[in-house]
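Heads up, the thing below is written out as structure tokens.
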Number of protein chains: 2
Amino acid sequence: MPSQDVPQIVIERLPFYLRGLEHMANRGQRVVSSQTLGEWVGVSAAQIRKDLSYFGEFGKQGLGYEVTYLRDQLRLILHADRDWRLILVGAGALGSALVNYLVAGQWQYHIVAVFDSDPAKHGKRMRDLYVQPMSELEGVVEAQDIDLAILAVPADAAQQVADDLVRCGVRGMLNYAPIRLNVPQGVHCAEIDPIARLQGITYFL
Amino acid sequence: MPSQDVPQIVIERLPFYLRGLEHMANRGQRVVSSQTLGEWVGVSAAQIRKDLSYFGEFGKQGLGYEVTYLRDQLRLILHADRDWRLILVGAGALGSALVNYLVAGQWQYHIVAVFDSDPAKHGKRMRDLYVQPMSELEGVVEAQDIDLAILAVPADAAQQVADDLVRCGVRGMLNYAPIRLNVPQGVHCAEIDPIARLQGITYFL
DNA sequence: GCGTGTGAAACAATTCACAGCG
DNA sequence: CGCTGTGAATTGTTTCACACGC
């Protein structure tokens with residue numbers, strides 16, 4: 001499997017291809033062309049073929065792609081073929097929202113612990129978890145061998161928390177704070193900022 | 001103001017510049033160079049200058065940018081200089097999460113109505129709003145002159161809801177359903193898919 | 001014939017580097 | 001001198017178009 005020279009943007013598109021394939025597999029569709037999958041996802045057929053070619057040859061000429069086979073291959077590539085445990089830092093409105101969302105949907109991502117720096121929140125129940133103080137972070141991450149974290153803390157605390165997480169060995173984070181985190185090489189970080197997205201829309205209105 | 005030939009990607013970066021400027025303004029900083037702002041946001045100095053040059057000349061040579069002035073200009077460009085009312089479709093776990101998030105943070109985006117197709121949810125209270133049936137959608141959008149909507153419905157309902165929204169005159173939507181929406185020219189749609197983002201991270205792990 | 005996989009071509013975005021001005 | 005604004009150069013991405021195999 002390649003690892004260095006696949007453009008980031010290609011990797012970001014794979015989950016959407018996977019969604020399309022899962023959708024089609026659920027409907028019992030056996031085979032799909034790059035053309036059809038592209039229409040579903042909203043990208044060109046050539047782009048799908050080029051993107052997939054970074055990882056191998058998955059199609060049959062004259063036929064297209066076998067839906068379940070390509071789906072499984074993409075899951076392997078994205079490491080979406082297994083469950084992941086993650087921790088949540090920040091037990092405010094957004095944090096509890098995320099817990100509810102992730103628990104309600106039956107995803108392969110499971111929140112196994114929640115932390116907050118505010119003592120008033122410690123012990124508070126969120127679904128079947130209890131909010132813990134930040135001092136417990138290191139122990140939990142190490143004991144449970146956690147790779148992923150969600151940050152739902154205020155912007156001015158986010159960098160500090162990110163540093164703590166990195167120090168404990170977390171290698172991926174989903175950051176909801178409206179700030180760009182500084183993380184070392186080898187740690188991967190994705191930002192989600194709904195307000196920024198809304199501003200990107202209102203530009204056109 | 002330009003409107004057609006500004007690359008989409010430039011528009012998507014502006015909100016982050018705005019964040020940096022708001023941060024600096026709150027700290028009383030008067031002036032900032034593209035270099036410093038770029039470090040904060042995580043882009044190159046040249047990129048900031050080039051991006052801003054699509055909209056005008058905002059800096060002073062030898063000095064940099066006056067923080068509050070550039071902030072205000074960006075707010076104008078993004079139409080973030082006023083409040084926006086929006087509606088939410090989908091009152092499930094994710095929907096209530098979003099209501100709590102948007103109400104708790106004091107943003108300039110205000111949810112003024114919540115809709116759901118499930119009769120069991122009608123009348124349910126979410127903060128100070130009551131979930132309404134989809135049949136009320138058109139009336140509310142027209143009466144309140146709504147431009148923006150958030151979609152938090154299951155994937156297989158999303159396209160239908162999007163069509164309804166477009167028909168009622170909504171011109172922008174933030175889509176949390178894991179599906180690419182088909183919308184006509186002139187309607188703007190941003191996708192937010194946390195699971196896709198997590199998959200983009202686990203690729204590297 | 002149909003649809004993949006892929007170099008080559010076209011296009012787009014980013015970075016460079018410097019003129020110009022405070 | 002410092003820093004912006006911007007063409008030119010570079011780098012990155014997407015599309016084209018066709019050889020190949022089912």
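By convention in this document, chain letters (A, B, ...) are assigned in the order of the sequence lines, proteins followed by strands, and residues within each chain are numbered from 1. Quick note: numbers below take in every heavy atom, side chains included, and nothing from hydrogens, waters or symmetry partners.
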In whole Å, I'd like the distance from the [atom1] atom of [X] to the [atom2] atom of [N].
{"X": "B:D5", "N": "C:dA13", "atom1": "CG", "atom2": "P", "result": "11 Å"}
{"X": "B:I9", "N": "D:dT11", "atom1": "CD1", "atom2": "P", "result": "19 Å"}
{"X": "B:Q73", "N": "D:dG5", "atom1": "CD", "atom2": "P", "result": "12 Å"}
{"X": "B:L52", "N": "C:dT14", "atom1": "CG", "atom2": "C1'", "result": "15 Å"}
{"X": "B:I48", "N": "D:dG5", "atom1": "CD1", "atom2": "C1'", "result": "14 Å"}
{"X": "B:E66", "N": "C:dG22", "atom1": "CD", "atom2": "C1'", "result": "14 Å"}
{"X": "B:L63", "N": "D:dG5", "atom1": "CG", "atom2": "C1'", "result": "15 Å"}
{"X": "B:E12", "N": "C:dA13", "atom1": "CD", "atom2": "P", "result": "11 Å"}

Would you indicate, yes or no, if [N] has its OP1 or OP2 atom less than 4.0 angstrom from a side-chain nitrogen or oxygen of [X]?
{"X": "B:Y65", "N": "D:dG2", "value": "no"}
{"X": "A:S34", "N": "C:dT4", "value": "yes"}
{"X": "A:S44", "N": "D:dT15", "value": "yes"}

Proximal nucleotide (of [options]) relative to the [X] side chain:
{"X": "A:R49", "options": "D:dT6, D:dT15, C:dG5", "result": "C:dG5"}
{"X": "A:K50", "options": "D:dT15, D:dT6, D:dT4", "result": "D:dT15"}
{"X": "A:P7", "options": "D:dT13, D:dC16, C:dG3", "result": "D:dT13"}
{"X": "B:Q61", "options": "D:dA8, D:dT13, C:dC21", "result": "C:dC21"}

Specify the residue among A:Q8 and A:G62 whose closest nucleotide of DNA chain D lies further upstream toward the 5′ end.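 Its nearest nucleotide being more 5', the pick is A:Q8.
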Once pairs are restricted to Watson-Crick or G-U wobble with both distances under 3.5 Å, how does DNA chain C read as a dot-bracket string, [ ] for crossings and | for other-strand pairs? ||||||||||||||||||||||
Polar side-chain contact B:K60-D:dG2 base: donor and acceptor under 3.5 Å: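 Counting by modelled atom types and ignoring angles, no donor-acceptor contact under 3.5 Å is found here.
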Consider side-chain contact (heavy atoms from CB on, under 4.5 Å). Of A:I87, A:L86, A:L165, which one does A:M173 pass it with?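 Looking at A:I87, A:L86, A:L165, the match for A:M173 under the side-chain contact (heavy atoms from CB on, under 4.5 Å) is A:L165.
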State, with a plain yes or no, whether a side-chain heavy atom of A:M134 is found less than 4.5 Å away from one of A:V161.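 Counting from C-beta outward, A:M134 and A:V161 do come under 4.5 Å.
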Just so I know, are the side chains of A:R19 and A:H23 near enough to count as touching, which here means a heavy-atom distance under 4.5 Å?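 When only atoms from C-beta onward are counted, A:H23 and A:R19 do not touch, as no gap falls below 4.5 Å.
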Is the B:F55 ring parallel, tilted or perpendicular to the A:Y203 ring (thresholds 30°, 60°)?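 Perpendicular, since the angle between the ring planes exceeds 60°.
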Candidate pair A:L198 and B:W84, rule side-chain contact (heavy atoms from CB on, under 4.5 Å), full reasoning: CA-CA 10 Å; A:L198 285 169; B:W84 291 87; over 6 Å; no
Atom of B:Y65, atom of B:S33 and distance for their closest heavy-atom approach: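 The answer is CD1-C, 4.5 Å.
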Check the pair B:Q8, B:H188 against side-chain contact (heavy atoms from CB on, under 4.5 Å), reporting the backbone distance first and the verdict last. CA-CA 11 Å; B:Q8 175 73 25; B:H188 294 270; 5.6 Å; no
